[in-house]
Amino acid sequence: MKKTTKQLGALLVLGTAAIALAQGTTFLTIGSGSTTGVYFPVATGMAKMVNDAGAGVRANARSTGGSVFNVNAIATGELDAAVAQNDVVYYAYKGTGLQAFQGKANAKLRTMAVLYPEVLHVVARKDSGIRSIADLKGKRVVIGDLGSGTELTAKQVLESYGLGFDDLGQALRVSPAQGITLMQDKRADALFYTVGVGASAISQIAQTVDVAMVPVGGNQASSLIKKYPFYVRYNIPAKSYKGVGATVPSVAVQATLVTSTAVSDDAVYKAMKAIFDDEGALKAIHPSLATNFSYAKAVKGIPAPLHAGAVKFFKEKGLNVK
């Protein structure tokens, strides 16, 4: 019987995997996010560094729905590691905060490293008349994928202004890529996106639509940070995007690389060496890392305990961790 190209491809992959397993190779699937965000190029770059190291660990990056999906997929074993917002990881580890995690604490979640700030971008079409968060009332607003970290951030920020999703004219739960199209087609007035500064999705909107960056600051930002201590104030620099001529106050959480105790200490240590040993090569992956990453910051604000393999790596770098 003739085998199809698809069947032959599957057999080749299985054969390669079998050989690698026989040689003691560990495979890590790293969850990221939308292909238009920062998670995806960061995770892809890290996977390449792991593979190039040739240290008995192989990795691939997978585009996903974002933080909430990622930590749940780590719990089920669908993912071995992932990039996720530190607040979402904390809620999953403690089994609180989000309905998806209520009563389902995942004590096996572990931190590998804190990577960079994820800044809340609230982008509005200039012709929408939106200049403040309060102006979102009655408007069509992209709040992120269902279950994403962005959706959670949007909910919390709106709360700090006395608003909820029901106050919006339409709460659009779509991916960043779909959100871009809706903004371009005048089917959305504004978009929430928690992402590193310089994300291609935001740049793409700013290149094709006249936009205004909506500030999150003042007493509302203070109350948000008091209630949710994962947030920090962060100013989006002037000229980060086309048409944004002044600094825009906002808030940020932290993008964090996480894994599980199900992944061996040896595999995590080898992955850490491959990704983080050459700080310059890591920073070359993306401007968010180039601007923000350091070993000292990598172990601050961790949302779940460090994995033992990560502890070993950071101790070798002279950091006092446990």
Side-chain angles (χ1 to χ4, degrees), residues 30-34 37-43 45-46 64 66-71 74 81-94 96-98 101 106 109-122 144 148-157 160 192-199 202 216 221-222 224-237 240 249-259 272 275-276 279 282-283 285-307 310-311 313-314 319 321:
I30 305 171
S32 60
S34 164
V38 177
Y39 281 10
F40 186 73
V42 165
M46 289 179 171
T64 72
S67 295
V68 175
F69 175 89
N70 287 349
V71 292
I74 286 176
V83 184
Q85 289 179 199
N86 62 344
D87 55 338
V88 173
V89 176
Y90 176 85
Y91 290 142
Y93 178 69
K94 292 291 187 180
T96 186
L98 278 172
F101 306 138
N106 181 3
L109 266 177
R110 291 293 182 269
T111 302
M112 292 173 71
V114 173
L115 302 175
Y116 57 85
E118 287 195 271
V119 185
L120 174 63
H121 293 68
V122 186
S148 68
T150 292
E151 182 192 30
L152 175 62
T153 300
K155 178 177 181 290
Q156 293 169 346
V157 169
S160 72
F192 276 83
Y193 196 9
T194 308
V195 69
V197 172
I202 308 296
V216 178
S222 296
L224 180 74
I225 292 166
K226 185 175 180 180
K227 187 172 182 180
Y228 303 106
F230 303 105
Y231 290 104
V232 294
R233 290 182 184 271
Y234 193 99
N235 290 327
I236 299 172
S240 293
S250 192
V251 292
V253 290
Q254 302 278 354
T256 308
L257 184 63
V258 295
T259 184
M272 293 292 295
I275 296 167
F276 297 102
E279 193 174 344
L282 174 69
K283 289 184 172 186
I285 292 176
H286 194 276
S288 289
L289 288 165
T291 305
N292 299 287
F293 182 82
S294 73
Y295 293 131
K297 292 178 183 176
V299 295
K300 289 187 177 176
I302 60 172
L306 282 172
H307 193 286
V311 170
F313 172 80
F314 284 123
L319 296 170
V321 294

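Values below: all heavy atoms of this structure, side chains included; hydrogens, waters and symmetry mates excluded. None of these values were measured; they are calculated from a predicted model.
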Which atom pair, heavy atoms only, marks the closest approach of [X] to [Y]?
X	Y	result
Ser32	Asn70	O-ND2, 2.8 Å
Met112	Met272	O-CE, 3.4 Å
Ala199	Val195	CB-CG2, 3.5 Å
Val197	Ser240	CG1-OG, 3.8 Å
Gly37	Pro41	O-CD, 3.2 Å
Leu224	Ser160	CB-CB, 4.3 Å

Audit row: Phe101, Val88, side-chain contact (heavy atoms from CB on, under 4.5 Å) steps and yes/no: CA-CA 9 Å; Phe101 306 138; Val88 173; 3.9 Å; yes
Evaluation steps, side-chain contact (heavy atoms from CB on, under 4.5 Å), between Gln156 and Val251: CA-CA 11 Å; Gln156 293 169 346; Val251 292; over 6 Å; no
Whether over 12 other heavy atoms sit under 6.0 Å from Lys155 NZ: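 Counting other residues, nucleotides and ligands, NZ of Lys155 stays at 12 neighbours or fewer.
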Lys94 atom NZ, over 12 foreign heavy atoms within 6.0 Å: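 Not more than 12 within 6.0 Å, no.
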Non-hydrogen side-chain atoms of Glu151 and Phe192 separated by less than 4.5 Å: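 The answer is no; the side chains never approach within 4.5 Å.
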Side-chain heavy atoms of Val68 within contact of Leu152, under 4.5 Å: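 They are not in contact (no side-chain heavy atoms under 4.5 Å apart), so the answer is no.
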Test side-chain contact (heavy atoms from CB on, under 4.5 Å) applied to Met46 and Leu257, step by step: CA-CA 10 Å; Met46 289 179 171; Leu257 184 63; 4.1 Å; yes
Side-chain donor or acceptor of [X] paired with backbone N/O of [Y] under 3.5 Å:
X	Y	result
Ser250	Leu120	yes
Thr256	Val114	no
Thr111	Ala113	no

Reported [atom1]-to-[atom2] distance for the pair [X] and [Y], which is rounded to 0.5 angstrom:
X	Y	atom1	atom2	result
Glu279	Tyr295	CD	OH	5.0 Å
Leu109	Tyr90	CG	OH	13.0 Å
Tyr193	Ile202	OH	CD1	7.0 Å
Ile225	Arg233	CD1	CZ	5.0 Å
Ile285	Ile275	CD1	CD1	7.5 Å
Tyr231	Thr194	OH	OG1	6.5 Å

Check against side-chain contact (heavy atoms from CB on, under 4.5 Å), Phe276 and Phe293: CA-CA 10 Å; Phe276 297 102; Phe293 182 82; 3.6 Å; yes
Qualifying residues under side chain to side chain donor-acceptor pair (under 3.5 Å), relative to Asn86, sequence neighbours excluded: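 Testing Asn86 for side chain to side chain donor-acceptor pair (under 3.5 Å), a comparison that skips the adjacent residues, returns none.
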Set of side chain to side chain donor-acceptor pair (under 3.5 Å) partners for Tyr228, sequence neighbours left out: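 Per chain and number, Tyr228 pairs via side chain to side chain donor-acceptor pair (under 3.5 Å) with Glu159.
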Geometric class of the Tyr91/Phe230 ring pair [parallel <30°, tilted 30-60°, perpendicular >60°]: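 Phe230 vs Tyr91 ring planes: perpendicular.
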Parallel, tilted or perpendicular: ring planes of Tyr39 versus Tyr116, cut at 30 and 60 degrees: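 The rings of Tyr39 and Tyr116 stand perpendicular, inter-plane angle above 60°.
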